[in-house]
Amino acid sequence: MSQDQAGQIAAAVAALRRGEVIGLPTETVYGLAADAANAEAVGRIFALKGRPADHPLIVHIGEAAGLSQWTRGHSPLAEKLAAAFWPGPLTMILPRSDAVPDAVTGGQDTVGLRCPAHPLALQLLRAFGGGLAAPSANRFGRISPTSAAHVREEFGAGVPLVLDGGDCEVGIESTIIDLSSEQPRILRPGRITQAQIEAVIGPVAQDANASSPRASGTLEAHYAPSTPMLLLPRAALENEAREQAAFGKRIAVLALGALPAEASGLALPNDADAYAHGLYAAMRRLDAGGQQLLLVERPPDGAQWLAVHDRLRRAAAGAGGEDDSP
Ligand code: TXA
Ligand code: MG
């Protein structure tokens with residue numbers, strides 16, 4: 001660790017002990033972190049994000065030993081998954097212990113726990129000693145941040161201390177698995193896939209919301225750009241781009257592999273992990289470009305693309321809405 005980083009971590013620990021909120025790099029996306037044991041500090045996260053108080057936060061811990069502190073009872077499945085995937089992009093929902101304030105869980109009887117795989121986050125967690133409650137560091141309903149600059153864009157002086165851990169490696173939020181009832185269930189797909197989890201603990205269910213396209217009206221408007229957005233296969237996208245351009249509409253394209261000739265916008269790699277890594281930064285850039293319509297090329301089907309499809313569907317459902325869309 002450089003002297004500069006050591007100084008940043010010391011400053012972050014001091015801020016957290018004072019009950020302040022900081023910007024936290026993780027391998028998935030940046031978080032907005034506060035002392036999970038301090039209800040008042042946790043309240044500041046909700047105020048900054050504009051998030052309804054009944055939406056629970058994830059508690060980040062520095063090592064799997066934290067499972068016994070923050071959860072009630074003993075879950076052999078959780079221990080197996082922690083051994084296999086932590087530190088890493090997997091959040092487990094478990095019955096909560098008395099150490100978890102109501103403010104963190106919105107009064108629910110369960111808590112989400114995750115040990116992140118980012119070196120700065122781990123150093124901070126170990127120096128701080130406690131758990132850090134942290135949602136993604138975006139205003140409610142908007143695109144998650146994958147760089148320190150994105151967090152500053154979102155909150156400015158509202159969050160003066162943002163630990164700069166560079167670009168997030170994974171780029172989309174963690175896989176969430178609910179282990180609080182009999183049947184383990186994936187609530188949010190992510191880099192760690194259903195097949196990887198099943199290889200460790202046997203069959204798990206996949207939440208309908210997570211696995212199959214829903215009617216757009218029922219989609220939670222999340223991860224949304226403010227520019228209206230259409231998700232189309234390549235050929236349809238090229239036609240749409242030509243037609244809209246003929247009408248004089250300012251459009252941007254988010255393509256797979258390479259941009260169509262004459263289209264302007266960005267292209268992301270035709271590889272699910274590399275695509276996820278670049279997705280939110282690309283959406284932010286295109287959204288900031290003052291275009292009237294965003295045309296996004298639909299990635300291929302297949303289990304490795306599931307998490308990307310989930311985020312794109314949600315983005316398309318929420319795009320162009322008001323900032324306070326649900
Ligand atoms: O990768 C991630 O998970 C990032 C980084 C910062 O760790 N965090 C993140 O947090 O995405 P957030 O709050 O933006 O998304 C967490 C999701 C929310 O949809 C929340 O409702 C759900 O997890 N969640 C948290 N605790 C829960 C619980 N006890 N039961 C059910 N869902 C829960
Ligand atoms: Mg979020």
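Counting starts at 1 for both ligands and their atoms, in listed order.
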Just by distance, do the side chain of [X] and the backbone of [Y] share a donor-acceptor pair under 3.5 Å?
X: Q108; Y: P56; result: no
X: R17; Y: F128; result: yes
X: T227; Y: Q292; result: no
X: T71; Y: S97; result: no

* Structure fact -> For I172 and G190 the tightest heavy-atom approach is CD1-CA, 4.5 Å
* Asked: Can you name the nearest heavy-atom pair linking G171 to V29, along with the distance?
  ->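 Here G171 and V29 meet closest at O-CG1, 3.8 Å.
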* Could you tell me which atoms of ligand 1, counted from 1 in the order shown, lie closer than 4.0 angstrom to a heavy atom of S174? =>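 This gives 1 (O), 2 (C), 3 (O) as the contact atoms.
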* **Interfacing atoms of ligand 1 (cut-off 4.0 Å, heavy-atom, T28)** =>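 In order of numbering, the contacting atoms are 1 (O), 2 (C), 4 (C), 5 (C).
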Polar-atom distance check: [X] versus ligand 1, any N or O pair below 3.5 Å?
X: R51; value: yes
X: T110; value: yes
X: R188; value: yes

* Asked: Hey, does I58 sit under 4.0 Å from ligand 1 if you only count heavy atoms?
  ->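 Yes.
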* Return yes when R114 approaches ligand 1 closer than 4.0 angstrom through a heavy atom, no otherwise. =>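 Right, R114 reaches ligand 1.
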* Asked: With respect to atom 7 (O) of ligand 1, which of E27, H60, R191, H118 exhibits the smallest heavy-atom separation?
  ->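 Among E27, H60, R191, H118, the closest heavy atom to atom 7 (O) of ligand 1 belongs to H60.
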* To do: Would you tell me which option among P56, A134, P25 has the nearest heavy-atom contact to atom 20 (C) of ligand 1?
  =>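 Shortest heavy-atom distance from atom 20 (C) of ligand 1: P56.
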* Backbone or side-chain N/O/S of S136 under 2.8 Å of the Mg ion (ligand 2) -> yes
* To do: Please state which part of I176 comes within less than 4.0 Å of ligand 1, counting heavy atoms only: side chain, backbone, both or neither.
  =>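 Under 4.0 Å from ligand 1, I176 contributes side-chain atoms alone.
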* Asked: Side chain, backbone, both or neither: which part of E173 has a heavy atom under 4.0 Å from ligand 1?
  -> both
* Who pairs with W86 by ring-ring contact (aromatic ring centres under 6.0 Å, His included), at least two apart in sequence or on another chain? ->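 Counting only residues at least two positions away or on another chain, W86 forms no ring-ring contact (aromatic ring centres under 6.0 Å, His included).
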* Partners of F85 by ring-ring contact (aromatic ring centres under 6.0 Å, His included), sequence neighbours excluded? ->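 Counting only residues at least two positions away or on another chain, F85 forms no ring-ring contact (aromatic ring centres under 6.0 Å, His included).
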